[in-house]
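Okay, so here's the structure we're looking at.
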Amino acid sequence: MAVGNRVYLKRPMVSDELLNEYQGIPAANVADCMGRLSALHPRVSLKSSPKQPVTVGRALTVKTRGGDNLMIHKALNMAGPGDVIMVSNDGGTEYRALMGEVMLGYAIYKQIAGLVIDGPIRDSDAVEAMSMPVYANGTNPAGPYKDGTGEINTPIACGGISVNPGDIVVMDRDGVIVVPWQDAEEVLEGAKKIQAKDAANVHAALTGDADRQWVEDALKEQGTEIIDDQY
């Protein structure tokens, strides 16, 4: 087997019903019920203008050499509706752009859910106007090579987070959350509860009904000195 230069055509696939249950749940609510350890590094940020506040899909993972996009082209050929192409690029911002308007246009044609690239892109003006979620760690006008090697549908690290093929990807303006596909049902139930609690907390904050006593209690527990005088 050609480790480092291979493409797996199959991956775990959660049901459409389960995937749709995540629609409308903010990434922050999902993160809060996963120990706050599931969010990609903020260097991987939104570059486009999605119409939906939250977009969800299944991870189609790509591992590529820095500045080379041959395997991303193959992933585009494989991808379809509901897929999120997640790209590891050795984490480098110093490398060439991996995608631009042409490739992203083809991704829109394929109706994929989104693209998350731990690497630069280019054609920023065109990307900014796109309704498909596009995340990247920077921009660079220099184009990519197409020499390979790489892998598709194997485990990768993207934005400092482990991503496995078939994981659920939740994207909004705050960033990107990865939910292991094996934990998707359990995480969903927790995220729904946090979403409801969060809505109640927002209402209480706006109406002034929020209980802020916890702040004073925490400071007292830490032994903070409160001084009724000037410094």
pair Pro155-Asn164: side-chain heavy atoms closer than 4.5 Å: yes
For the residue pair Val7 and Asn153, establish whether any side-chain heavy-atom pair is separated by less than 4.5 Å. no
Give the minimum heavy-atom separation between Ala191 and Ile25, together with the two atoms involved. CB-CG2, 4.0 Å
If we ignore hydrogens and angles and just use 3.5 Å, is the side chain of Ser49 paired with the main-chain N or O of Ala129 as donor and acceptor? no
Is Val163 reachable from Val30 through a run of hydrophobic residues whose side-chain heavy atoms are each under 4.5 Å from the next? no
Spacing of Asp167 atom CG and Leu60 atom CG [to the nearest 0.5 Å]: 12.0 Å
Cluster link Ile152 to Val3, ILVMFWY, side chain under 4.5 Å: no
Are Asn69 and Lys146 close enough that some pair of their side-chain heavy atoms sits under 4.5 Å apart? yes
According to a 4.5 Å side-chain heavy-atom criterion applied to Ile, Leu, Val, Met, Phe, Trp and Tyr, with indirect links allowed, do Val62 and Leu104 form part of one hydrophobic cluster? yes
Should the heavy atoms of other residues, nucleotides or ligands under 6.0 Å from NE2 of His203 be counted, would the total exceed 12? no
Close side-chain approach of Pro26 and Gln195, heavy atoms under 4.5 Å: yes
Counterpart residues, side-chain contact (heavy atoms from CB on, under 4.5 Å), relative to Ile194 (two or more places apart): Asn29, Asp32, Cys33
OG of Ser124 to CG of Asn140, rounded to nearest 0.5 Å, is 10.0 Å
Other residues, nucleotides, ligands: >12 heavy atoms within 6.0 Å of Gln182 CD: yes
Mind running side-chain contact (heavy atoms from CB on, under 4.5 Å) on Asp183 and Met34 for me, showing each step along the way? CA-CA 10 Å; Asp183 301 324; Met34 296 179 64; over 6 Å; no
Answer with yes or no whether the hydrophobic clustering places Ile161 together with Ile156; edges join I, L, V, M, F, W, Y residues whose side-chain heavy atoms lie under 4.5 Å apart. yes
Do Met71 and Val134 share a hydrophobic cluster, counting only Ile, Leu, Val, Met, Phe, Trp and Tyr and linking them when any side-chain heavy atoms are less than 4.5 Å apart? yes
Considering non-hydrogen atoms only, spot the tightest contact between Ile121 and Ala97 and give its length. C-CB, 3.6 Å
Any side-chain heavy atom of Leu40 sitting closer than 4.5 Å to one from Cys158? yes
Sorted by first residue and then second, give each side-chain hydrogen bond (donor to acceptor under 3.5 Å, both in side chains) pair with at least one member in residues 206-223; sequence neighbours left out. Thr207-Asp209, Gln213-Asp217
Can you list, pair by pair, the side-chain donor-acceptor contacts under 3.5 Å of residues 10-22, counting residues two or more places apart and other chains?
| from | atom 1 | to | atom 2 | distance (Å) |
| --- | --- | --- | --- | --- |
| Arg11 | NH1 | Ala59 | O | 3.1 |
| Arg11 | NH1 | Asp83 | OD1 | 3.2 |
| Arg11 | NH2 | Asp83 | OD1 | 2.5 |
| Arg11 | NH2 | Asp83 | OD2 | 3.0 |
| Ser15 | OG | Leu18 | N | 3.1 |
| Asp16 | OD1 | Arg58 | NH2 | 2.4 |
| Asn20 | ND2 | Asp16 | O | 3.1 |
| Glu21 | OE1 | Lys192 | NZ | 2.7 |
| Tyr22 | OH | Ala184 | O | 2.5 |
| Tyr22 | OH | Leu188 | N | 3.2 |

Heavy-atom count around Gln23 CD within 6.0 Å, excluding the residue itself: above 12? yes
At their closest point, which heavy atom of Ile117 faces which heavy atom of Met99, and how far apart are they? CD1-SD, 3.4 Å
Look at the side chain of Thr61 and the backbone N and O of Thr154, then say whether any donor-acceptor pair between them is shorter than 3.5 Å. yes
Over all heavy atoms of both residues, which pair between Arg96 and Tyr145 is shortest? Give the atoms and the distance, please. NH2-OH, 3.0 Å
Return the CD1 to CG distance between Ile72 and Asn89, rounded to the nearest 0.5 Å. 7.0 Å
Any idea which heavy atoms bring Pro133 and Leu46 closest together, and the distance? CA-CD1, 4.3 Å
List the atom of Arg65, the atom of Thr149, and the distance in Å for their closest heavy-atom pair. NE-N, 3.5 Å
Below 4.5 Å, heavy atoms only, C-beta onward: do Val87 and Tyr135 meet side chain to side chain? no
If I take atom CD1 from residue Ile112 and atom CD1 from residue Ile85, how far apart are they, to the nearest 0.5 angstrom? 4.0 Å
Between Leu70 and Lys74, is there a side-chain heavy-atom distance shorter than 4.5 Å? no
Measuring from atom CG of Leu76 to atom NZ of Lys110, what distance do you get when rounded to the nearest 0.5 angstrom? 7.0 Å
State, with a plain yes or no, whether a side-chain heavy atom of Met130 is found less than 4.5 Å away from one of Glu101. yes
Counting N and O atoms only, with roles assigned by atom type, does the side chain of Glu151 sit under 3.5 Å from a partner on the main chain of Gly4, one being a donor and the other an acceptor? yes
